[in-house]
Enquirer: 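Just dropping this structure here.
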Amino acid sequence: MSDARPILFFDSGVGGLSIAGPARRVLPTAPFVYVADSAGFPYGEKTEAEIAGRVPALLGRLAERYRPRLIVIACNTASTIALPAVRAALDLPVVGTVPAIKPAAAMTETRVIGVLGTRATVRQAYVDDLAARFAGDCRVIRHGSAELVELAEAKLRGESVSPASFAAVLDGLFGQEGGEHVDVIVNACTHFPLVEAELAAAAPRPVRFVDGGPGIARRIAFLTEGQDWPESPGDGVAVFTHLGEREQALAPGLAARGFTRIEAL
């Protein structure tokens, strides 16, 4: 018998699609539900207390409604703040998303790493811990950007995005002391891989980008190993906590990624 329980991906916006994509390549027939907390968007500008109170309660409602076999918090900000509370509240596997500092440390030749994230993520002590554990011999330069989140959302809505906007974001990283030596950038917000091509084109010199998507896909595959799946994934479901014109404008981009049904929570 096939098991129709979905994998549920959760983010404040569309950034988690950069996590769902690699997972789809690993598990091509798995049913997916993608949830964007559009009523709370953007998380990167909220306080830790707001996120810690909002995310566990919301995921509890979603678990009751969709009965997933596994939840992926496909958001660095929500993961670094609320992951322990969510795991304590829910009786099912919960996978978080953390900045890919460990693989970046293995890639860098200059031993100077850039971390691009939201302001809420880059200031977390969790990032300090990752840098100390996995990049102790590296200089880790951070920059938080709310604008880059909006640029990724605009791109998926089919809107034009200015190359100068990406150059300005990168200047916040390269313009810091030692920034001229950065050769690897960690996309520490799941929105940012969606505009990686634009970032690479705007960079003043060649740099490599790394994110957690492939590693999370492997983790999902490990946790669901041996489980039954449908013969085909069916229609992916995209869920919004607020469904207005901005969210409806995302429909073509979501459909191109397999999420052909849109619902409001």
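We use all heavy atoms of the structure for the numbers below, so side chains are in, but hydrogens, waters and symmetry mates are not.
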Enquirer: How close do Gly179 and Phe174 get, heavy atom to heavy atom, and via which atoms?
Expert: O-CD2, 3.3 Å
Enquirer: Is the closest side-chain heavy-atom distance between Phe209 and Met107 below 4.5 Å?
Expert: no
Enquirer: Can you tell me if CG on Asp91 sees more than 12 non-hydrogen neighbours from other groups inside 6.0 Å?
Expert: no
Enquirer: Given side chain to side chain contact (heavy atoms under 4.5 Å, CB included), test Val72 with Ile220 step by step and report yes or no.
Expert: CA-CA 8 Å; Val72 181; Ile220 296 169; 3.6 Å; yes
Enquirer: Taking atom CZ of Arg111 as the centre, report whether more than 12 heavy atoms of other residues, nucleotides or ligands fall under 6.0 Å from it.
Expert: yes
Enquirer: Counting only N and O atoms by type, is there a donor-acceptor contact under 3.5 Å from the side chain of Arg24 to the main-chain atoms of Leu27?
Expert: yes
Enquirer: Where do Ile185 and Phe192 land on the side chain to side chain contact (heavy atoms under 4.5 Å, CB included) test, with the steps shown first?
Expert: CA-CA 11 Å; Ile185 294 176; Phe192 297 175; over 6 Å; no
Enquirer: Taking the side chain as C-beta and beyond, is there a heavy-atom pair between Pro99 and Leu130 under 4.5 Å?
Expert: yes
Enquirer: Using 0.5 Å steps for rounding, measure from the CZ atom of Arg61 to the CG atom of Leu265.
Expert: 4.0 Å
Enquirer: Where do Asn76 and Thr190 land on the side chain to side chain contact (heavy atoms under 4.5 Å, CB included) test, with the steps shown first?
Expert: CA-CA 7 Å; Asn76 291 87; Thr190 55; 3.7 Å; yes
Enquirer: Would you say NZ of Lys155 has more than 12 non-hydrogen atoms from neighbouring residues, nucleotides or ligands within 6.0 angstrom?
Expert: yes
Enquirer: For residues Ile71 and Ala63, report the shortest heavy-atom separation together with the two atoms involved.
Expert: CD1-CB, 4.4 Å
Enquirer: Should Glu159 and Arg246 count as an ion pair when the cut-off is N to O under 4.0 Å?
Expert: no
Enquirer: Mind checking whether Val184 and Thr110 have side chains closer than 4.5 Å, heavy atoms only?
Expert: no
Enquirer: How about Cys189 and Val149: do any of their side-chain heavy atoms sit closer than 4.5 Å?
Expert: yes
Enquirer: Does the Arg205 side chain pair with the main chain of Glu180, one donor and one acceptor, at a distance under 3.5 Å?
Expert: yes
Enquirer: Mind listing the closest non-hydrogen atom pair of Trp229 and Pro31 along with its distance?
Expert: CE3-CD, 3.8 Å
Enquirer: With a 4.5 Å cut-off on side-chain heavy atoms, are His191 and Pro42 touching?
Expert: no
Enquirer: Using side-chain hydrogen bond (donor to acceptor under 3.5 Å, both in side chains) as the criterion, point out the one residue from Thr118, Asp37, Thr121 that pairs with Tyr43.
Expert: Asp37
Enquirer: Any side-chain heavy atom of Val127 within less than 4.5 Å of one from Val140?
Expert: no
Enquirer: How many angstroms lie between atom OG1 of Thr241 and atom CD of Glu247, to the nearest 0.5 angstrom?
Expert: 8.0 Å
Enquirer: How long is the straight-line distance from CD of Gln124 back to OG of Ser79, given to the nearest 0.5 Å?
Expert: 11.0 Å
Enquirer: About how many Å separate CD1 of Ile19 and CD1 of Ile73, when rounded to the nearest 0.5 Å?
Expert: 12.0 Å
Enquirer: Between Leu83 and Val94, which heavy-atom pair has the shortest distance, and what is it?
Expert: CD1-CG1, 3.7 Å
Enquirer: Going hydrophobic residue to hydrophobic residue with side-chain gaps under 4.5 angstrom, can you get from Leu156 over to Val239?
Expert: no
Enquirer: Take Arg139 and His181, measure what side chain to side chain contact (heavy atoms under 4.5 Å, CB included) needs, and give me the verdict at the end.
Expert: CA-CA 10 Å; Arg139 182 170 191 168; His181 300 299; over 6 Å; no
Enquirer: Can you confirm whether Leu199 sits close enough to Val207 that some side-chain heavy atom of one is under 4.5 Å from a side-chain heavy atom of the other?
Expert: no
Enquirer: What is the distance from atom CG of Asn187 to atom OG of Ser18, rounded to the nearest 0.5 Å?
Expert: 8.5 Å
Enquirer: If hydrophobic clusters are built from ILVMFWY residues whose side chains come within less than 4.5 Å, do Val186 and Phe134 share one?
Expert: yes
Enquirer: Could you see if Leu194 belongs to whatever hydrophobic cluster contains Phe240? Use Ile, Leu, Val, Met, Phe, Trp, Tyr and a side-chain cutoff under 4.5 Å.
Expert: yes
Enquirer: How far apart are the closest heavy atoms of Pro93 and Arg69, and which atoms are they?
Expert: CD-O, 3.4 Å
Enquirer: Membership question, hydrophobic clusters at under 4.5 Å side-chain separation (ILVMFWY): are Leu92 and Tyr34 in the same one?
Expert: no
Enquirer: With heavy-atom distances below 4.5 Å as the criterion, would you say the side chains of Arg157 and Val14 are in contact?
Expert: no
Enquirer: Shortest non-hydrogen contact from Pro230 to Ala4?
Expert: CG-CA, 4.2 Å
Enquirer: Indicate if Val86 and Val35 have the same hydrophobic cluster label, given that clusters are the connected sets of ILVMFWY residues with side-chain heavy-atom separations under 4.5 angstrom.
Expert: yes
Enquirer: To the nearest 0.5 angstrom, please state how far the NE2 atom of His143 sits from the CD atom of Gln176.
Expert: 7.5 Å
Enquirer: In a check of side chain to side chain contact (heavy atoms under 4.5 Å, CB included) between Phe259 and each of Leu17, Asp235, Leu250, which one passes?
Expert: Leu17
